[in-house]
Amino acid sequence: MRWTRSLIPTLKEAPAEAEAVSHTLMVRAGLVRQLAAGIYVYLPLGQRVMDKVNGIIREEMDRTGGQEITMPILHPAELWQQTGRWTAIGEEMFRLHDRGKRQMCLGMTHEEVITWLAAREIRSYRDLPQIWYQIQTKLRDEARPKSGVLRTREFLMKDSYSLDRDDEGLTRSYELHKEAYRRILARCGLAFHVVESDPGMMGGATAHEFMAPSEAGEDEVALCERCNYSANVELAISRPRTPAFPEWRLEEIATPDVRTIEEVCRFLNIDPALTIKSLLLVGHDGPFLALLRGDQRLHERKLARVTGEVRPAHRDEVVAHLGAEPGSIGPAGAKLPIIADESLREGRYVVGANKDGFHLRGVVPGTHFQPQWADIHQAKSGDGCPYCEGTLRIERVIEVGNIFKLGTKYSTSLKAMYLNEAGEERPIVMGSYGIGPARIAAAAIEQHHDELGIVWPPAIAPFQLHLLPVNVRDQKLVELAEAIYAQLGRERIEVLYDDRDDRPGVKFKDADLLGLPLRMTVGTRALREGIVDLKIRKTGEEVQVPLSEAVSRAHTLLSRLTD
Ligand code: ATP
Ligand code: MG
C-alpha cells in the first residue's frame with residue numbers, strides 16, 4: 001500500500017485524556033479515532049490489525065470444530081425476560097422500543113439468542129455436540145469507558161457456545177476452547193495467564209479467564225510461584241502468614257485516643273496480625289460485623305457472594321448497635337451476626353471492647369464469640385499458596401478472554417431440550433466462551449512497545465515491511481524503490497510503501513511509531529553501491545544487503561521473526 005494513497009494520520013502528540021500506552025499509541029499511529037465516549041472508528045491500519053486477529057481467531061475456532069454464524073444485534077426483550085436477565089442486568093444494557101412499541105435491547109452477549117436457536121434446531125442426541133461461534137458487535141453501556149479500545153461501549157467479540165449431552169461432553173468442549181484460546185493468544189504474541197475466575201452474572205460453576213499482564217489492566221491475579229495455582233483476586237484463596245501469638249489472658253486494657261489498627265499497634269507495640277479489624281456493615285437482613293485480621297483487607301466481592309450487596313454503617317448506626325465509636329468496636333459481647341475471615345480461626349487477638357477508649361486483649365475467636373466463617377480477605381503478595389508451600393504474587397492484568405461452563409441454566413429457562421438414547425427429554429448442557437479482538441490488539445501494544453512507538457508481533461502487524469525511500473525527489477532512487485515495491489508484492493510480502501515527499505527524519509519517526517516488524521531503507525548507498533538497509537524493529541538490528549538479495553533477505557528475516 002502506498003502511503004500517499006492511504007489514510008494514515010499519524011500524530012506527534014498523544015490525546016490529552018489518554019492514560020494507557022496502547023490508547024496513546026493507537027491514536028498517534030493513526031489506527032483509531034474516538035467518535036464519542038467508548039465509541040471508536042477503526043482507520044485502515046487499525047482495521048488491518050483487527051482482520052489479522054480475527055483471522056487467527058477463526059482458524060483456531062474452526063480447528064475446534066466450531067461453525068461460524070451471525071446472530072442479530074437487535075433482540076426482542078421477551079427472550080431476556082424468560083431467562084430473568086432483563087431485570088438482573090441493570091444499566092449496562094441498551095434498551096429501546098420499536099415503532100410498534102415493542103421492547104427491544106442491543107445484544108451485550110448472546111446466550112439467550114443461541115439457546116433460542118438450539119431449542120429449535122437440536123432434536124436428538126445425534127445432533128450433539130455442536131460449537132457455534134460468531135465475531136459480532138456487542139453493545140454495553142459501560143459505567144466507565146476508558147483506556148482507548150480496552151473498554152468501549154461498542155466492541156467486537158468472538159463469542160462461541162457449546163452444546164453437549166452431558167457434563168462430560170461439556171468438559172471436552174471447555175477444554176477445546178481453553179486450548180484454542182491459548183493458541184490464539186500465543187499466536188498474537190501475548191504473554192498471558194489462565195486463571196480461575198468468578199462465573200458472576202453468567203451463572204454456572206466453572207470459569208477461567210485469560211489474562212495479559214499489563215499495568216493498564218483493571219484486574220489483578222494471584223499466582224503461586226511454585227505450583228500452578230492462579231486465580232483472579234476476586235476469588236483467590238490465600239494463606240496469610242501466621243504470626244507468633246503471645247500467651248495473652250483475656251483482659252480489658254485502656255487505650256485512650258487510640259482508634260485505627262495502626263494506632264492500636266503503635267500504642268501496644270504489637271504486630272497488626274495480632275489485632276482484629278471490626279467493620280459494621282448493613283446488608284439485606286440488617287447490620288452485621290465483618291472481621292478481618294488487622295493486616296488484611298476486606299474483599300468486597302468475596303463478601304458479597306456470602307451476604308449479597310452491603311454498605312458500611314453510618315457513625316450513628318455504629319453507636320446505636322454497639323454502644324461505642326467506630327474505633328472501639330469489636331465482636332465480644334456484640335448482639336449481631338458476625339462473619340469472620342478464615343484467617344482468624346487460630347490465635348488470640350486484640351479487639352475493640354465496644355467501650356470508647358478500651359480494647360480487649362487475648363480474645364479467642366470461636367471461644368469468646370461465635371462467628372460464621374468465610375474467606376473474605378483479599379489475597380496479597382507474600383501470602384502463602386492455599387495448595388502448596390509456595391508464596392503468592394499479585395499481578396495486574398488485562399482480561400482478554402474468558403470461558404464459562406453454563407450447564408443447563410439457559411437451556412432450562414428457554415426449553416432447549418434434546419431426546420437421549422432412551423427417548424427421554426433432557427436439557428442441553430451448555431458452555432459460553434468470549435474473547436475480545438480489540439483487547440488483544442491493545443494488550444499486544446501494552447506488552448510490545450518502546451519509547452518510540454509500537455513493536456508489533458508479526459502475526460498481527462498491519463503490514464510486514466516498511467519500505468522507505470529517503471528522497472522521492474531523486475528520480476533514480478524512486479525508480480529503484482518502485483522496482484523493489486513491485487518485487488515485494490510479487491513475493492506476497494505485505495508492504496507499506498512510504499512514498500511521501502517528506503524529510504527522512506519524519507519518515508523514520510513514523511516508521512518507529514507504526515512499528516512494522518521490518519524496515520527497508522532505500523538511500524543514496526542504494527544508488528552508489530547497490531546496497532539497501534534492513535532493520536528489525538524489535539531488536540534494532542540492522543543489516544546492509546546487496547540490492548539483488550534485498551527481497552529474499554527480507555523474506556528470510558520475516559519468517560525468522562514469525563517463528
Ligand atoms: P470485564 O470484566 O472487563 O468487563 P467481561 O467479563 O464483562 O469483561 P465478557 O462479557 O466475558 O467480559 O466478554 C468477553 C470478552 O470480551 C472479554 O474478555 C474482553 O476481551 C471483551 N470485552 C468485554 N467487555 C469489553 C469492552 N467493554 N470493551 C472491549 N472489549 C470488551
Ligand atoms: Mg464487563
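Residue numbers count from 1 along this sequence.
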> Are E218 and R151 close enough, and set up right, to give a salt bridge (Lys or Arg N to Asp or Glu O under 4.0 Å), and what steps lead you there?
Replying inline: CA-CA 10 Å; E218 295 184 50; R151 184 173 294 285; 2.8 Å; yes
>> Just to verify, what does E541 make a salt bridge (Lys or Arg N to Asp or Glu O under 4.0 Å) with, not counting sequence neighbours?
In response: R560
>> Whether D501 and R473 form a salt bridge (side-chain N of Lys/Arg under 4.0 Å from carboxylate O of Asp/Glu) is what I want to check.
In response: yes
> How about D198 and R305: do any of their side-chain heavy atoms sit closer than 4.5 Å?
Replying inline: yes
> Judged by atom type as modelled, is there a donor-acceptor pair below 3.5 Å linking the side chain of H110 to the main-chain atoms of G107?
Replying inline: no
> Any side-chain heavy atom of I135 within less than 4.5 Å of one from M157?
Replying inline: no
>> Could you check whether any side-chain heavy atom of R183 comes within less than 4.5 Å of a side-chain heavy atom of R63, counting everything from C-beta outward?
In response: yes
>> To the nearest 0.5 Å, what is the distance between CG on L477 and CG on L527?
In response: 5.0 Å
> Can you find a side-chain donor-acceptor pair between Q134 and E68 that sits under 3.5 Å?
Replying inline: no
> So, are D474 and K476 salt-bridged, with charged N and O less than 4.0 Å apart?
Replying inline: no
>> For Y497, give me all partners under ring pair (Phe, Tyr, Trp, His ring centres under 6.0 Å), at least two apart in sequence or on another chain.
In response: Y485
> Should M93 and R140 count as side-chain neighbours, where that means a heavy-atom distance under 4.5 Å?
Replying inline: no
> Hey, is CZ on R2 packed in by over 12 heavy atoms from elsewhere, all under 6.0 Å?
Replying inline: yes
> For A379, does its backbone N or O pair with a side-chain atom of D383 as donor and acceptor, under 3.5 Å?
Replying inline: no
> Side chain of T152, backbone of G148: donor and acceptor closer than 3.5 Å?
Replying inline: no
>> Just so I know, are the side chains of P517 and L465 near enough to count as touching, which here means a heavy-atom distance under 4.5 Å?
In response: no
> Ion pair present between R85 and E112, side-chain N to carboxylate O less than 4.0 angstrom?
Replying inline: yes
> Within a radius of less than 6.0 Å around CG of N228, do more than 12 heavy atoms belonging to other residues, nucleotides or ligands occur?
Replying inline: no
> Does the distance from a Lys or Arg side-chain N to an Asp or Glu carboxylate O, for D502 and K507, drop under 4.0 Å?
Replying inline: no
>> If you compare all heavy atoms of T521 against all heavy atoms of V532, which two are closest, and at what distance to 0.1 Å?
In response: O-CB, 3.6 Å
> Where the side chain of H193 meets the backbone of V195, is there a donor-acceptor pair that is under 3.5 Å apart?
Replying inline: no
>> Working note: E111 + T83, criterion side-chain contact (heavy atoms from CB on, under 4.5 Å); need CA distance, chi angles, decisive distance, verdict.
In response: CA-CA 10 Å; E111 282 78 15; T83 62; over 6 Å; no
> Between the side chains of N232 and S197, is a donor N or O closer than 3.5 angstrom to an acceptor N or O?
Replying inline: no
> Is R144 salt-bridged to E142, going by a charged N under 4.0 Å from an acidic O?
Replying inline: no
>> The test is salt bridge (Lys or Arg N to Asp or Glu O under 4.0 Å); show your working for D510 and R500 and say whether it passes.
In response: CA-CA 11 Å; D510 274 347; R500 291 177 300 170; 3.0 Å; yes
> Taking NZ, NE, NH1 and NH2 as the nitrogens, is one of them in D167 or K405 under 4.0 Å from a carboxylate oxygen of the other?
Replying inline: no
> Any chance NZ of K380 has more than 12 other-residue heavy atoms, nucleotides or ligands included, within less than 6.0 Å?
Replying inline: yes
> Distance-only, no hydrogens or angles: does the R120 side chain make a donor-acceptor pair with backbone N or O of W116 under 3.5 Å?
Replying inline: yes
> Hey, are R439 and E446 close enough for a salt bridge, meaning a charged N less than 4.0 Å from a carboxylate O?
Replying inline: no
> Say you draw a straight line from CG of L163 to CD1 of I428; how long is it, rounded to the nearest 0.5 Å?
Replying inline: 5.5 Å
> For residues H448 and W456, is any side-chain donor paired with an opposing acceptor at under 3.5 Å?
Replying inline: no
> Can you tell me how far OH of Y387 sits from OH of Y229, rounded to the nearest 0.5 angstrom?
Replying inline: 5.5 Å
> Does S214 use its side chain to pair, donor to acceptor, with the backbone of A216 at less than 3.5 Å?
Replying inline: yes
> Is E175 salt-bridged to R172, cutoff N-O under 4.0 Å?
Replying inline: no
> Under 3.5 Å, is there a donor-acceptor pair linking the side chains of E399 and N402?
Replying inline: yes
> For V495 and Q464, what are the C-alpha separation, side-chain angles and deciding distance, and is it a side-chain contact (heavy atoms from CB on, under 4.5 Å)?
Replying inline: CA-CA 6 Å; V495 187; Q464 296 302 297; over 6 Å; no
> Would you say the side-chain atoms of S381 pair up with the backbone N or O of I394, donor to acceptor, closer than 3.5 Å?
Replying inline: yes
> With a cut-off of under 6.0 Å to the ring centre and 45° to the axis, is R182 in cation-pi contact with F210?
Replying inline: no
>> Contact between S22 and L150 at the side-chain level, heavy atoms closer than 4.5 Å - yes or no?
In response: yes
>> side-chain contact (heavy atoms from CB on, under 4.5 Å), that's the test. Do L518 and L534 meet it? Break it down for me.
In response: CA-CA 7 Å; L518 196 59; L534 282 170; 4.1 Å; yes
> Taking 4.0 angstrom as the limit, do D159 and K138 come out as a salt bridge?
Replying inline: yes
>> Quick one, R393 with E395, criterion salt bridge (Lys or Arg N to Asp or Glu O under 4.0 Å). Give me CA distance, side-chain angles, the key distance, then yes/no.
In response: CA-CA 7 Å; R393 159 172 78 80; E395 208 170 307; 2.2 Å; yes
> Between D219 and R396, is there a side-chain N and carboxylate O pair less than 4.0 Å apart?
Replying inline: no
>> With a 3.5 Å distance limit and no angle check, can you tell me whether R28 reaches the backbone of L11 through a side-chain donor-acceptor pair?
In response: yes
>> Hydrogens and angles aside, do T64 and H177 bring a side-chain donor and acceptor to less than 3.5 Å of each other?
In response: no
> Side chain of K146, backbone of E19: donor and acceptor closer than 3.5 Å?
Replying inline: no
>> Quick check for you: to the nearest 0.5 Å, what is the distance between I440 atom CD1 and I445 atom CD1?
In response: 12.5 Å
> Taking 4.0 angstrom as the limit, do K538 and D450 come out as a salt bridge?
Replying inline: no
> Counting N and O atoms only, with roles assigned by atom type, does the side chain of Q447 sit under 3.5 Å from a partner on the main chain of P213, one being a donor and the other an acceptor?
Replying inline: yes
>> Please identify which of these residues, Y133, Y181, Y433, meets the side-chain hydrogen bond (donor to acceptor under 3.5 Å, both in side chains) condition with K158.
In response: Y181
> Considering only heavy atoms from C-beta outward, does the side chain of F508 approach that of L468 to under 4.5 Å?
Replying inline: yes
>> Does this structure show an ion pair linking R519 with D533, if we count only N-O contacts that are shorter than 4.0 Å?
In response: no
>> Please report the interatomic distance OG(S432) to CG(L406), rounded to the nearest 0.5 Å.
In response: 5.0 Å
>> Quick one, V429 with R165, criterion side-chain contact (heavy atoms from CB on, under 4.5 Å). Give me CA distance, side-chain angles, the key distance, then yes/no.
In response: CA-CA 6 Å; V429 182; R165 302 177 195 185; over 6 Å; no
>> One thing to verify: whether E389 and R226 come together as a salt bridge, which I'm taking to mean a side-chain N less than 4.0 angstrom from a carboxylate O.
In response: no
>> Could you check whether any side-chain heavy atom of L516 comes within less than 4.5 Å of a side-chain heavy atom of P462, counting everything from C-beta outward?
In response: yes
> How many angstroms lie between NZ in K509 and CG in L514, if you round to the nearest 0.5 Å?
Replying inline: 14.0 Å
> Thinking salt bridges, do E59 and R187 make one under a 4.0 Å N-O criterion?
Replying inline: yes
